[in-house]
Asker: 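Before anything else, here's the structure in question.
All figures in this text were calculated on a predicted structure; none of them were measured in a lab.
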Amino acid sequence: MKSKPSASYRCNLLSHAMNAGKEKKVRALLRAWRQVAVAVGKEQWRLFYTTGAVGPRTYGTAGIGILGTSHRQMIYAQAAGQLSSWLGNRQNEFRDLVQGSNLAADLKHQLHVINRLKAWHRPGELQMRDGRLIDRETRHLARRLFAKVCRRHSRPRLDRINMMIDQRAVTLTENRTDTGFPLWARLSTLEKGAPIWVPLKTHTHFEQRRGTRSLSVQINDSPAGLRFGVLTDVSAALAESRAAYVPGTDAIALDLGLRTLFATDQGDLLGQGWMDRLQRIDARLQRLAAHRQRMLPAAARRQHGRGRRVASPRYRGYVQKLRGYIDTEVNRILNQLVVTRAPAAIIIEHLR
């Protein structure tokens, strides 16, 4: 029996038109959310090192008295999901480390079994399919290798987590009246029994998005302020688009450049002059960083070194603008290439 394909979601960030009182309540919920997430993270790591597993259904005492049960369950699911994803990446690195080692084949096999089961810290006996027990020395080696892999990476920062809220605490309603805000979010806050209504500003790209709207909503805190991320399941639309796509040419290879963003194997130069725009934004960043560095007291410069503590809301705004321009320009060029050439495949060089 074929497994059901996983859903594909797209997120559209929408700005809001809350007054100061409503925004204060949302930010208070966000602070409490992050406070509980940190406590949940500590609890989940303690669970991992004592039982060998993390999971959204292993509810503990974190957040009692700060948030209600529904909010705590959502935080557990979100925090455990981030930790599980982080552990999954370490699992892949562990596999590559063992596979590339000079260990004996049987020892490698046992280590792969431990890794596949994510049993690096699981207590008790661990049995293989052939009935053999994995000895203590092999499991100790697995823990050492896993610790080596983990030391290369920082753990997920749950103190900066954004909120992923489902239908238990938020609902989206389309406004049929002419108020200028076609979408409203009814959001539960820290004040029990007193939800707030948040008017959301939609845009053409969101309104033209085909698919099924998710019941969960992201609330992100960015340098530009609070943004509400509305998720849409676009699986059916993507399948329909792929089925209707008729290639008009063979594969096109793209070479990443500097002065020109892309050059094709057919001699086309795509994104000419994009570096000039990047340099203008970068020049503003450099001037702002230099100004903030000069404004630091001499003692602070000696203590923190040059190039530190230059971030500010304005600086982060320029960085976000720079990243946004790169993403937009790359997507624009690739979409234009698909429309004009309809290639069977696009080949892009792999760069770290």
Asker: Kindly confirm or rule out a cation-pi arrangement of R155 over W45, judged by NZ or CZ under 6.0 Å from the six-membered ring centre and within 45° of its axis?
Answerer: yes
Asker: Applying a strict under-4.5 Å side-chain criterion to I, L, V, M, F, W and Y, I'd like to know whether L231 and W184 cluster together.
Answerer: no
Asker: What is the ring orientation for F206 with H203, classed by angle as parallel under 30°, tilted 30 to 60°, or perpendicular over 60°?
Answerer: perpendicular
Asker: Under the 3.5 angstrom rule, does the side chain of W120 hit a backbone N or O of H140 as a donor-acceptor pair?
Answerer: no
Asker: Less than 3.5 Å apart, any donor N or O on the side chain of R341 or Q336 sitting next to an acceptor on the other?
Answerer: no
Asker: Please determine, by modelled atom types, if Q272 and T260 share a side-chain donor-acceptor pair under 3.5 angstrom.
Answerer: no
Asker: Give a yes or no on whether the backbone of N162 and the side-chain of N220 come within a donor-acceptor separation of less than 3.5 Å.
Answerer: no
Asker: Quick check: closest heavy atoms across T189 and A194, and the distance to 0.1 Å?
Answerer: OG1-O, 3.7 Å
Asker: In terms of side-chain geometry, is the basic nitrogen of E125 or R139 positioned less than 4.0 Å from the acidic oxygen of its partner?
Answerer: no
Asker: D106 vs Q110, test: side-chain hydrogen bond (donor to acceptor under 3.5 Å, both in side chains). Steps then yes/no.
Answerer: CA-CA 6 Å; D106 185 61; Q110 294 184 52; 2.9 Å; yes
Asker: Is there a chain of hydrophobic side chains (I, L, V, M, F, W, Y, each step under 4.5 Å between heavy atoms) that links L107 to L97?
Answerer: yes
Asker: Between S101 (side chain) and V98 (backbone), is there a donor-acceptor pair under 3.5 Å?
Answerer: yes
Asker: Using a 6.0 Å cut-off, check whether atom NZ of K24 has over 12 heavy atoms from anything other than its own residue.
Answerer: no
Asker: Find out whether T264 and L269 are in side-chain contact, i.e. whether some heavy atom of one side chain is under 4.5 Å from a heavy atom of the other.
Answerer: no
Asker: Report the C-alpha distance between D221 and R160 in whole Å, list the side-chain angles of each, state the deciding distance to 0.1 Å, and finish with yes or no for salt bridge (charged side-chain N to carboxylate O under 4.0 Å, His left out).
Answerer: CA-CA 9 Å; D221 189 16; R160 298 179 182 177; over 6 Å; no
Asker: For a 4.5 angstrom cut-off between non-hydrogen side-chain atoms, does L190 reach L67?
Answerer: yes
Asker: Please determine whether residues Y49 and L126 belong to a single hydrophobic cluster, defined as Ile, Leu, Val, Met, Phe, Trp and Tyr linked transitively by side-chain heavy-atom distances below 4.5 Å.
Answerer: yes
Asker: Which atom pair, heavy atoms only, marks the closest approach of S235 to S8?
Answerer: OG-N, 2.8 Å
Asker: Kindly say whether S216 contributes a backbone atom to a donor-acceptor pair with the side chain of S214 at under 3.5 angstrom?
Answerer: yes
Asker: Side chains of E43 and Y76 only: does a donor on one sit below 3.5 Å from an acceptor on the other?
Answerer: yes
Asker: Just how far is it from atom CG of L183 to atom CD of E174, taken to the nearest 0.5 Å?
Answerer: 6.5 Å
Asker: Can you tell me how far the OG atom of S222 sits from the CZ atom of R227, to the nearest 0.5 Å?
Answerer: 5.0 Å
Asker: Within the distance-only criterion (no hydrogens, no angle test), does the side chain of T51 pair as donor or acceptor with the backbone N or O of L47 below 3.5 angstrom?
Answerer: yes
Asker: Is it the case that over 12 heavy atoms from other parts of the model lie below 6.0 angstrom from the CD atom of Q266?
Answerer: yes
Asker: Should L87 and F48 count as side-chain neighbours, where that means a heavy-atom distance under 4.5 Å?
Answerer: yes
Asker: Would I134 end up clustered with L117 when hydrophobic side chains under 4.5 Å apart are linked, directly or stepwise?
Answerer: yes
Asker: So, for Y245 and P343, which heavy atoms are closest and what is the spacing to 0.1 Å?
Answerer: OH-O, 2.8 Å
Asker: For residues R27 and L226, determine if any side-chain heavy atom of one lies less than 4.5 Å from a side-chain heavy atom of the other.
Answerer: yes
Asker: Taking atom CZ of R143 as the centre, report whether more than 12 heavy atoms of other residues, nucleotides or ligands fall under 6.0 Å from it.
Answerer: yes
Asker: Nearest 0.5 Å, please: how far is CG in L337 from CD1 in I333?
Answerer: 9.0 Å
Asker: Do I75 and M164 share a hydrophobic cluster (ILVMFWY, side-chain heavy atoms under 4.5 Å, transitive)?
Answerer: no
Asker: Indicate whether any N or O donor in one side chain lies under 3.5 Å from an N or O acceptor in the other, for T328 and N331.
Answerer: no
Asker: Thinking salt bridges, do R213 and D233 make one under a 4.0 Å N-O criterion?
Answerer: no
Asker: Shortest non-hydrogen contact from V149 to E93?
Answerer: CG1-OE1, 3.2 Å
Asker: W33 ring centre to R31 NZ or CZ under 6.0 Å, with the angle to the axis within 45°?
Answerer: no
Asker: Please test K22 against K25 for side chain to side chain contact (heavy atoms under 4.5 Å, CB included), starting from the C-alpha separation and ending with a verdict.
Answerer: CA-CA 5 Å; K22 289 183 178 180; K25 292 182 178 181; 5.7 Å; no
Asker: Considering only heavy atoms from C-beta outward, does the side chain of V40 approach that of Q78 to under 4.5 Å?
Answerer: no
Asker: In terms of ring plane angle, is the pair F94 and F146 parallel, tilted or perpendicular, where the classes change at 30° and 60°?
Answerer: tilted
Asker: For R168, which of D166, V170, T171, I165 qualifies under side chain to side chain contact (heavy atoms under 4.5 Å, CB included)?
Answerer: D166
Asker: Could you tell me whether R144 atom CZ has more than 12 heavy atoms of other residues or ligands within 6.0 Å of it?
Answerer: no
Asker: Can you see which heavy atom on K108 is nearest to which on L103, and at what distance?
Answerer: CE-O, 3.6 Å
Asker: With rounding to the nearest 0.5 Å, note down the distance linking CD1 in I114 to NE2 in H112.
Answerer: 11.0 Å
Asker: Evaluate the criterion side chain to side chain contact (heavy atoms under 4.5 Å, CB included) for residue pair I347 and L254; output intermediate values, then yes/no.
Answerer: CA-CA 6 Å; I347 304 171; L254 300 180; over 6 Å; no
Asker: Has T50 got a side-chain atom pairing as donor or acceptor with R46's backbone, closer than 3.5 angstrom?
Answerer: yes
Asker: For L256 and I348, run side chain to side chain contact (heavy atoms under 4.5 Å, CB included): C-alpha distance rounded to whole Å, both residues' side-chain angles, the deciding distance at 0.1 Å, then the answer.
Answerer: CA-CA 8 Å; L256 183 64; I348 304 177; 5.9 Å; no
Asker: Is any side-chain heavy atom of N335 less than 4.5 Å from a side-chain heavy atom of V339?
Answerer: no
Asker: Distance check, rounded to the nearest 0.5 Å: Q167 atom CD versus L172 atom CG?
Answerer: 11.0 Å
Asker: Rounded to the nearest 0.5 Å, what separation is found between the CZ atom of F262 and the CG atom of D255?
Answerer: 9.5 Å
Asker: Please report the C-alpha distance between D268 and I252 in whole Å, then the side-chain angles of each, then the deciding distance to 0.1 Å, and finally whether the side chain to side chain contact (heavy atoms under 4.5 Å, CB included) criterion is met.
Answerer: CA-CA 10 Å; D268 299 316; I252 294 179; over 6 Å; no
Asker: With a 4.5 Å heavy-atom cut-off, do I219 and V26 have their side chains touching?
Answerer: yes
Asker: Is there a side-chain contact between L322 and L285 in this structure, where contact means two heavy atoms from C-beta onward sitting under 4.5 Å apart?
Answerer: yes
Asker: Decide if atom CG of N19 counts as having more than 12 heavy atoms of other residues, nucleotides or ligands within a radius under 6.0 Å.
Answerer: yes
Asker: Determine whether more than 12 heavy atoms belonging to other residues, nucleotides or ligands lie under 6.0 Å from atom CG of N102.
Answerer: no
Asker: At their closest point, which heavy atom of H16 faces which heavy atom of M18, and how far apart are they?
Answerer: ND1-N, 3.0 Å
Asker: Could you tell me whether R277 sits above the aromatic face of Y325, with NZ or CZ closer than 6.0 angstrom to the six-membered ring centre and within 45 degrees of the axis?
Answerer: yes
